[in-house]
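In what follows, chains are A, B, ... by sequence order, proteins preceding strands, each numbered from 1. Side-chain atoms are counted along with the backbone in the values below, which use heavy atoms only and exclude waters and symmetry mates.
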2 protein chains.
Amino acid sequence: MSVSALSATSSPTPAHVRDLLTRAGLRATQQRVLILGGLLALRDHPTAEQVHRQVAAEAPTLSLGTVYKALDSFVVAGLVKRVAVADGAARRYDADCSPHHHLFCTATQEILDYRDPQLDQLIQEFLAARGFENFQPHSFSLHITGEKIIRPA
Amino acid sequence: MSVSALSATSSPTPAHVRDLLTRAGLRATQQRVLILGGLLALRDHPTAEQVHRQVAAEAPTLSLGTVYKALDSFVVAGLVKRVAVADGAARRYDADCSPHHHLFCTATQEILDYRDPQLDQLIQEFLAARGFENFQPHSFSLHITGEKIIRPA
DNA sequence: TTGGCTGCAAAACTTTTGCAGCAAT
DNA sequence: ATTGCTGCAAAAGTTTTGCAGCCAA
């Protein structure tokens, strides 16, 4: 199974991004359309700083503070998730809120998405059968650490 | 199954902590014995700041910078792991490097350990059978989000 | 119109770094 | 005696906050 194939997504149009924001109850300002669009365009779970650089060309006056505030409101609205990373100083964001797992590449620091409904079901059923006495699980995600393999052509 | 029962560990003696450090090829200074001992005593995957507070009573002159440097060297030596958290500004540390999973309580922000060799094997076998084309997994850990249940007495 | 959002900038907070002296081996 | 570690303090980096003005609804 190819990992890269799993994270393939098409860049959404500004109109679609506006729609996402409006549906979430947020104002579709020019800045937020760019920020959310930029996050969607960057596949590798970028930091706020990286999103800021991504949109800098299109909106040179857009401030980093606004990026932070916007990303925060996206998270609250459920449009975006924060990704848990042990290394690295800055938080990283994921525009994909559907259930999926993460592959952490120790070589490139990339975070690749890994979607596998069959695995989800397996874990889900195991946890349900196992049962916790004093913990009620809501969701789970698997953090897989390893290395990308570069195959010779 | 009880969650709290899973994370029960006995506080090690200073002599044992010294031994851990020496075996890892690190100098067993008074500060490091306190820092590693403090981390082992704090069950809830504390921040560097929390470890510093923990040892402050016994060593008032021990500086926060030393705690950071010590924790770093512990991580490099493999004595300690950094825990991946999406929320919260500071990194959190785990003195337990044996394979285990984490339960994140959304109510109390606690991080509980969850050890389950049966689950490990299940996932391990699934991933081996599934196979990745261009990713070589080394290890994995399950992040389970949910809430602690407080049962009436 | 108006309430949320932006930009700017300061502040708070976390983590890293440099270096002289000290202590564990 | 060496060499790594400590303490102090400054610096770097990340994130939050306050506020006046602006803009999407």
Side-chain angles (χ1 to χ4, degrees), chain A residues 14-15 17-39 45-53 55-56 58-77 79-80 82-93 109, chain B residues 14-15 17-38 45-53 55-56 58-77 79-80 82-93:
Chain A
V17 175
R18 240 185 302 275
D19 196 51
L20 284 173
L21 289 167
T22 312
R23 279 175 197 270
L26 300 171
R27 282 203 184 167
T29 64
Q30 299 177 358
Q31 290 90 337
R32 293 184 164 207
V33 172
L34 286 172
I35 292 166
L36 185 52
L39 178 56
H45 309 78
T47 64
E49 177 69 41
Q50 288 172 319
V51 173
H52 185 237
R53 272 201 296 274
V55 301
E58 290 186 81
T61 65
L62 202 165
S63 73
L64 180 58
T66 296
V67 174
Y68 273 104
K69 286 172 185 165
L71 288 173
D72 262 4
S73 67
F74 297 169
V75 170
V76 171
L79 276 176
V80 162
R82 287 218 267 239
V83 179
V85 284
D87 292 304
R91 292 177 192 166
R92 295 171 71 166
Y93 295 85
Q109 306 301 319
Chain B
V17 175
R18 239 184 304 273
D19 196 50
L20 283 173
L21 290 167
T22 313
R23 279 175 198 273
L26 300 170
R27 281 202 185 168
T29 64
Q30 299 178 359
Q31 291 89 339
R32 293 183 164 208
V33 172
L34 286 171
I35 291 166
L36 185 51
H45 308 79
T47 64
E49 178 70 38
Q50 288 172 319
V51 173
H52 185 236
R53 272 201 296 275
V55 300
E58 290 185 80
T61 66
L62 202 164
S63 73
L64 180 58
T66 296
V67 174
Y68 272 104
K69 286 172 185 167
L71 288 172
D72 261 3
S73 69
F74 297 170
V75 170
V76 170
L79 276 176
V80 161
R82 287 218 267 240
V83 179
V85 284
D87 292 304
R91 292 179 190 162
R92 295 170 72 165
Y93 295 85

S.K.: Could you state the atom-to-atom distance from CG of A:L34 to P of C:dG7 in whole Å?
M.R.: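 Distance check: A:L34 CG to C:dG7 P gives 10 Å.
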S.K.: Of the nucleotides D:dG18, C:dA24, D:dT6, which one has an atom closest to the side chain of B:Q30?
M.R.: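 Nearest to the side chain of B:Q30 among the choices is C:dA24.
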S.K.: Sequence neighbours excluded, which residues qualify as side chain to side chain contact (heavy atoms under 4.5 Å, CB included) partners of A:V55?
M.R.: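 Checked A:V55 against side chain to side chain contact (heavy atoms under 4.5 Å, CB included); matches are A:L34, A:L62.
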S.K.: A:L36 has an atom CG; how far is it from atom P of C:dC5, in whole Å?
M.R.: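 The distance from CG of A:L36 to P of C:dC5 comes to 14 Å, rounded to the nearest Å.
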S.K.: Which listed nucleotide (C:dG18, D:dT16, C:dC8) is nearest to the side chain of A:R91?
M.R.: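 My answer, after comparing the listed nucleotides, is D:dT16.
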S.K.: Can you tell me which nucleotide in D:dC8, C:dA23, C:dG7 comes closest to the side chain of B:S63?
M.R.: D:dC8
S.K.: Separation of B:Y93 atom OH from C:dT14 atom P, in whole Å?
M.R.: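 From B:Y93 OH to C:dT14 P: 12 Å.
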S.K.: Counting only side-chain heavy atoms from C-beta out, which of D:dT14, C:dG7, C:dT16 sits nearest to A:A90?
M.R.: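 Looking only at heavy atoms from C-beta outward on A:A90, the closest nucleotide is D:dT14.
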S.K.: Measure the distance from NE2 on A:H52 to P on C:dT6 and round it to the nearest whole Å.
M.R.: 12 Å
S.K.: So which atom in A:P14 and which in A:V33 form the shortest heavy-atom distance, rounded to 0.1 Å?
M.R.: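 Minimum heavy-atom contact is O-CG1, 4.1 Å.
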S.K.: With distance as the sole criterion, do the side chain of B:K69 and the base of D:dG4 form a donor-acceptor contact below 3.5 Å?
M.R.: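 Side chain to base: no pair present.
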S.K.: Starting at atom CD1 of B:I35, determine the distance to atom C1' of D:dG4, rounded to an integer number of angstrom.
M.R.: 14 Å
S.K.: In whole angstroms, how far is the P atom of C:dA12 from the CG atom of B:L64?
M.R.: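 To the nearest whole Å, that distance equals 18 Å.
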S.K.: When we call it a touch if two heavy atoms are under 4.0 Å apart, what does A:T61 touch: a base, just sugar-phosphate, or nothing?
M.R.: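 Sugar-phosphate contact only.
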S.K.: Answer yes or no: is there a side-chain heavy-atom contact under 4.5 Å between A:Y93 and A:L39?
M.R.: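 They are in side-chain contact.
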S.K.: What's the closest nucleotide to the side chain of A:T29 if the choices are C:dG7, C:dC5, C:dT16?
M.R.: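 Of C:dG7, C:dC5, C:dT16, C:dC5 is nearest to the side chain of A:T29.
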S.K.: Heavy atoms under 4.0 Å, any strand shown: does B:A28 hit a base, just sugar-phosphate, or nothing?
M.R.: sugar-phosphate
S.K.: Check B:L21, B:L79, B:V67 against B:R32 for a side-chain contact (heavy atoms from CB on, under 4.5 Å) and give me the one that passes.
M.R.: B:L21
S.K.: Rounded to whole Å, how long is the line connecting atom CD of A:E49 with atom P of C:dT15?
M.R.: 18 Å
S.K.: Among the candidates D:dG4, D:dT16, C:dT14, find the nucleotide nearest to the side-chain atoms of B:R27.
M.R.: D:dG4
S.K.: Taking side chain as C-beta onward, heavy atoms only, is A:R91 less than 4.5 Å from A:T47?
M.R.: no
S.K.: State which of D:dT6, C:dG3, C:dG7 makes the closest approach to the side chain of A:L62.
M.R.: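 Taking heavy atoms from C-beta onward, the closest nucleotide is C:dG7.
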S.K.: To the nearest Å, give me how far apart CD (B:Q50) and P (C:dT14) are.
M.R.: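 Taking atom P of C:dT14 as the reference, CD of B:Q50 is at 10 Å.
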S.K.: Between B:T22 and B:D72, name the one whose nearest nucleotide on DNA chain C is closer to the 5' end.
M.R.: B:D72
S.K.: Would you mind telling me which of C:dC8, C:dG18, D:dT14 lies closest to the side-chain atoms of A:Y68?
M.R.: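 Of C:dC8, C:dG18, D:dT14, D:dT14 is nearest to the side chain of A:Y68.
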S.K.: Report yes if some heavy atom in the side chain of A:E49 is under 4.5 Å from a heavy atom in the side chain of A:L64; otherwise report no.
M.R.: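 Yes; the side chains approach each other to less than 4.5 Å.
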S.K.: Can you check whether A:Q31 has a side-chain N or O nearer than 4.0 Å to OP1 or OP2 of C:dG7?
M.R.: yes
S.K.: Side chain of A:R32 only, heavy atoms from C-beta on: which candidate in D:dT3, C:dG18, C:dC5 is closest?
M.R.: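 Taking heavy atoms from C-beta onward, the closest nucleotide is C:dC5.
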